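Comments concern the structure below.
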Amino acid sequence: MFLTTGDRTNIDRTFLSGGAPIVSVSTAAANARIIGFTLKGGTKGIQAFAHATVEDNKFMAVGNDATSIETTSGIIRHNYFEFPGDDCIDVDDPRGSILVEANYCKGADDDGIEIRNYNYTGPMVTVTISSNTFVGSENGDGIQLIDYSATANRRYLIQRNLLISNNKAGLGLLDNGDTVQDFRAASMPERIEVINNTIAGNNHGISGGDNLIAVNNIIANNSVLGIKGADNRSIASFNIFYGNGTNYSASNVSTTTSLFVNPMLGADYRLQAASPAIDAGTPSFTHNGEVILNLPATSYNGTAPDLGAYETGP
């Protein structure tokens, strides 16, 4: 109904429930679109073994992973997840581009999104996690990346997300196939670009990374650490640190480009009018001779980008 009418109230009227999973996308159903449903209960929600688009759905108390992508590509966009029994979104061994965009994930029993970065040697795979809210993961991270023994040919772009009030890390890295977060700050060698996120109120903000580039973020009020173990080829630059138990540890942080002041976040995590984070970011950033960021002036308001997930202005 929602797909044909555009009436969002129809999402609440169109139920799929029960099953293990409720919906399975096989290789014979590649390029399936699952749009405009409310999925409830069951032991899994949607499990895709071929490229699928999962869009504009609601997932209510699904018993295990609400949506999982298994050894394929996929799009997960504009969904609402509430209190799944494991992860809101689970991605295992992505073999094509993954887009996770504009989802709201609340109260996962484990992680908001968990990605197993299995060993992989094919064409470059980009995993984009953009403009999502991952809030209140009860026993895990907002975003969790799990590394394996070899360097996989993948890159991760994490941008404009709210990673807030998760019991473990906002962004947590593990290795050796482990999924229980112990804040080891794993030395994951794959490129991770963390740009314009608001990472606040977690236990750790960012934990781990040997090739992690953090630019234009707000990292605030994380009870133990802002950034831990982002070392080797990593760099954190043009970020605000404030109110963390410790701002950073064993990490490559540019203190000359960092701010250590109150970002003045509102209740909705947007910047208040007098926030020092307004126009405090950088539109361009080069690291070790590589251009990481090159934003056109039309992509932000004011003289420079704001820090954090939201840009202020008209």
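Bear in mind that the values here come from a model prediction, so they are computed numbers and not experimental data.
Between the side chains of Gln181 and Asp141, at least one donor N or O lies within less than 3.5 Å of an accepting N or O. Side-chain contact of Glu70 with Thr72: a donor-acceptor pair under 3.5 Å is absent, judged by distance alone. Side-chain contact annotation: Tyr310 with Arg160, donor-acceptor N/O pair under 3.5 Å absent. Side-chain N/O atoms of Tyr156 and Asn117 include a donor and acceptor closer than 3.5 Å. In summary, the side chains of Ser73 and Ser97 do not present any donor paired with an acceptor at a separation below 3.5 Å, with no hydrogens or angles considered. A side-chain N or O of Asn119 and one of Ser149 form a donor-acceptor pair less than 3.5 Å apart. Inspection of the Glu101 and Thr128 side chains reveals no N or O donor paired with an N or O acceptor under 3.5 Å. If you check the side chains of Ser68 and Asp90, you find no donor sitting under 3.5 Å from an acceptor. Thr312 and Asp306 share a donor-acceptor pair across their side chains, judged by distance under 3.5 Å alone. Using modelled atom types, one finds a donor on one side chain and an acceptor on the other under 3.5 Å when comparing Asn103 with Asn79.
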For this session: Take Arg8 and Asp56 through the test side chain to side chain contact (heavy atoms under 4.5 Å, CB included) and record every step on the way to the result.
Result: CA-CA 9 Å; Arg8 298 195 69 83; Asp56 288 300; 2.9 Å; yes

For this session: Step by step, work out the side chain to side chain contact (heavy atoms under 4.5 Å, CB included) result for Leu145 and Ile192.
Result: CA-CA 10 Å; Leu145 304 180; Ile192 305 169; 3.7 Å; yes

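Leu295 is listed as a side-chain neighbour of Pro305, based on a closest heavy-atom distance under 4.5 Å.
When hydrophobic clusters are built by joining Ile, Leu, Val, Met, Phe, Trp and Tyr residues whose side-chain heavy atoms come closer than 4.5 Å, directly or via intermediates, Ile76 is not grouped with Leu162. Ile240 is not connected to Leu163 by any chain of hydrophobic side-chain contacts under 4.5 Å among Ile, Leu, Val, Met, Phe, Trp and Tyr, and they are in different clusters. Using a 4.5 Å cut-off between side-chain heavy atoms of Ile, Leu, Val, Met, Phe, Trp and Tyr, with links allowed through other members, Ile89 and Val135 fall into different hydrophobic clusters.
Of all non-hydrogen atoms in Ile129 and Asn161, the two that sit nearest each other are O-ND2, 2.9 Å. Residue Leu225 comes nearest to Ser249 through the heavy atom pair CD2-CB, 3.7 Å, listed as atom of the first residue, atom of the second, then distance. Contact detail for Leu271 and Ile278: the closest heavy-atom pair is CD1-CG1, 3.9 Å. Shortest non-hydrogen contact noted between Ile227 and Ala236 is CD1-CB, 3.9 Å.
Classified by interplanar angle (parallel below 30°, tilted 30° to 60°, perpendicular above 60°), the ring pair Tyr80/Tyr104 is parallel.
A salt bridge between Lys106 and Glu138 is absent, with no side-chain N of the basic residue lying under 4.0 Å from a carboxylate O of the acidic one. Ion pairing between a basic and an acidic side chain is recognised when a charged N comes within 4.0 Å of a carboxylate O; Asp12 and Lys58 show such pairing. Salt bridge annotation for Lys168-Asp110: absent, with no cationic side-chain nitrogen under 4.0 angstrom from a carboxylate oxygen. By the 4.0 Å N-to-carboxylate-O rule, Glu190 lies too far from Arg154 to be salt-bridged with it. Look at Asp210 and Arg233 and you find no salt bridge, because none of the NZ, NE, NH1 or NH2 atoms lies under 4.0 Å from a carboxylate O. Under a 4.0 Å N-O distance rule, the pair Asp86/Lys44 does not qualify as a salt bridge.
Under a 3.5 Å cut-off, the side chain of Asn216 and the backbone N or O of Gly281 do not form any donor-acceptor pair. Judged by distance alone, the side chain of Asn217 and the main-chain N or O of Val194 form a donor-acceptor pair under 3.5 Å. Distance alone, capped at 3.5 Å, is enough to place a donor-acceptor pair between the Asn244 side chain and the Ile219 backbone. A distance-only check finds a donor-acceptor pair linking the side chain of Asn57 to the backbone of Ile34 [under 3.5 Å]. Between the Asn211 side chain and the Ser234 main chain, no donor and acceptor come within less than 3.5 Å of each other.
Within the structure, side-chain hydrogen bond (donor to acceptor under 3.5 Å, both in side chains) pairs that include any residue of residues 259-276 do not occur (at least two apart or interchain). The side-chain hydrogen bond (donor to acceptor under 3.5 Å, both in side chains) contacts involving residues 24-38 comprise nothing, where partners must be two or more places apart or lie in separate chains.
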